[in-house]
> 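The structure that follows is given in the form of structure tokens.
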There are 2 protein chains.
Amino acid sequence: MAGTSTIDSAASIIRRRILDGVLGPGARLPEEQTSAELGVSRHTLRAALRQLVSEGLLRHEPNRGVHVPALTPADVSDVFRIRRMIELDAIEEIALVGNVPSGATSAVDGMEALGLSAAWHQVVEQDMRFHWALVEAAGSPRMVRTYAAIHAEIAYCLVQLRPHYDRPAQVAKEHRDLLAAIVARDGELAVVRMRAHLLEAETTLLGAIPAATHSERFPIWKE
Amino acid sequence: MAGTSTIDSAASIIRRRILDGVLGPGARLPEEQTSAELGVSRHTLRAALRQLVSEGLLRHEPNRGVHVPALTPADVSDVFRIRRMIELDAIEEIALVGNVPSGATSAVDGMEALGLSAAWHQVVEQDMRFHWALVEAAGSPRMVRTYAAIHAEIAYCLVQLRPHYDRPAQVAKEHRDLLAAIVARDGELAVVRMRAHLLEAETTLLGAIPAATHSERFPIWKE
DNA sequence: CCGCGGACGATTGTTCCACAATTCTGTAGC
DNA sequence: GCTACAGAATTGTGGAACAATCGTCCGCGG
């Protein structure tokens, strides 16, 4: 499985379940039941849960276990604020040296290869590959580590954007333009475009989310 | 101890030992011995070690345990690059709204209260309180989380800066000037000053580190 | 009828023990 | 001096147990 250690693969499985909506907002993860389900010991499961808590995909309350948090509009804004902080820094850096990461290029190619009927999660996957490649190309191990720490939350935001995403071709074009700015070694333009790109995604998300979470949140979780 | 859970306090103790130099670069932490020493079980210790690995204070190699990494000049630069990314973003935000965090003010007061003979670690402590307060005041939970993730590494850098730090009064003045820019709601000036502040610290560090680690690194660790 | 307190069951946090898999060490042999 | 290999040490994971905490249900009184 992803990550050779048992802990990592347990974390991957749970992460996937959250991102796929199998575990919705408010869902609790009892240790005994969950560990039995995954076929790992409680110790291993707990380590995996701690990992996911640090990624923001789960919330922990002492003596009360973990649960899947609901994404509030404030959370979405906060996630995108961090995205801007990291990705604007990254894209400026790689634009200045004109370093076009091959992973980003191939991600855009992948987007363009998707037809109109492409499943939204395929678009999301390529989109995240693109942005990940950009951050990696900035050449800072700790920036990658930092980005990894909110990567899952970004995905958690995006999967809820389902019906409001533009057509794949439109998404691809935006990313193509970002690459163009990098190729042109125009750091300022790259930053401007990336900022616009991220702000637009945030705005779209903020329009899409509230209705969706509202109906799903209250049956399970109260606060 | 700090953090009510056993795991957190174990992590705190080990973190302290690393920052205090009790555990130098290259030092290994055998699980059985270390857990016995701290009076916790191996599982608990392992959880604490995973935490410290995620903070960058320890490095893990599969089936070979964890060890204290040596700080290379590249590491110092990378840490400060992330500091600039986060703290410039934070200070711009709080300068724009003129939000002067009380923790930052009191940290500067604390610096000025330190005499010429103050232990360097006291200066570091106030310095870190100052910067932490700034990041907190930016009002982004995930920025705080992100900063927390490299906070220990920042400290790990700073403790090695010992003899090269300016006098407390000089350090205090620099921070006072940062506060002044915030009070004046001059975001641009605040950013400029913060960048200069961080770049200067980095430069000082890069001049100080190589000699120190070189002598300590080889007796224990080879690569 | 509704709220309050306490017993009981469920869950978490942590420990001790066990054991396969891997790595390290020291020694014998070439 | 170097390699090969056996034995020791260490890591990665599982299982059972238990105190502490939390949640729930029931009976009681207002």
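Being a predicted model, the structure only gives us computed values, none of them experimental. Keep in mind that the numbers below use all heavy atoms, side chains included, and drop hydrogens, waters and symmetry copies. Throughout, protein chains are lettered first and strands after them, A, B, ... in sequence-line order, and every chain is numbered starting at 1.
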> Looking at B/R84 and A/D89, is any side-chain nitrogen of the basic one under 4.0 Å from a carboxylate oxygen of the acidic one?
no
> For DNA chain C, which residues of residues 29-49 of chain B approach it to below 4.0 angstrom with any heavy atom?
B/G39, B/V40, B/S41, B/R42, B/H43, B/T44
> More than 12 heavy atoms of other residues, nucleotides or ligands under 6.0 Å from CD of A/E32: yes or no?
no
> Just how far is it from atom NE2 of A/H131 to atom CG of A/L134, taken to the nearest 0.5 Å?
7.5 Å
> Side-chain contact test, heavy atoms from C-beta onward, threshold under 4.5 Å: evaluate it for A/H121 versus A/D20 and give yes or no.
no
> Of B/P62 and A/N63, whose nearest nucleotide on DNA chain D comes first from the 5' end?
B/P62
> How would you give the extent of chain B contacts on DNA chain D, as first and last nucleotide 5' to 3' within a 4.0 Å heavy-atom cut-off?
D/dT11 to D/dG15
> Under a 3.5 Å distance rule, please check whether A/R46 uses its side chain to pair with a backbone N or O of B/A47 as donor and acceptor.
no
> Could you tell me whether A/E202 and A/R83 make a salt bridge, using a distance below 4.0 angstrom between a side-chain N and a carboxylate O?
no
> Which distance, rounded to the nearest 0.5 Å, do you find between the CD of B/E153 and the CG of B/D75?
7.0 Å
> For residues A/T146 and A/I82, determine if any side-chain heavy atom of one lies less than 4.5 Å from a side-chain heavy atom of the other.
no
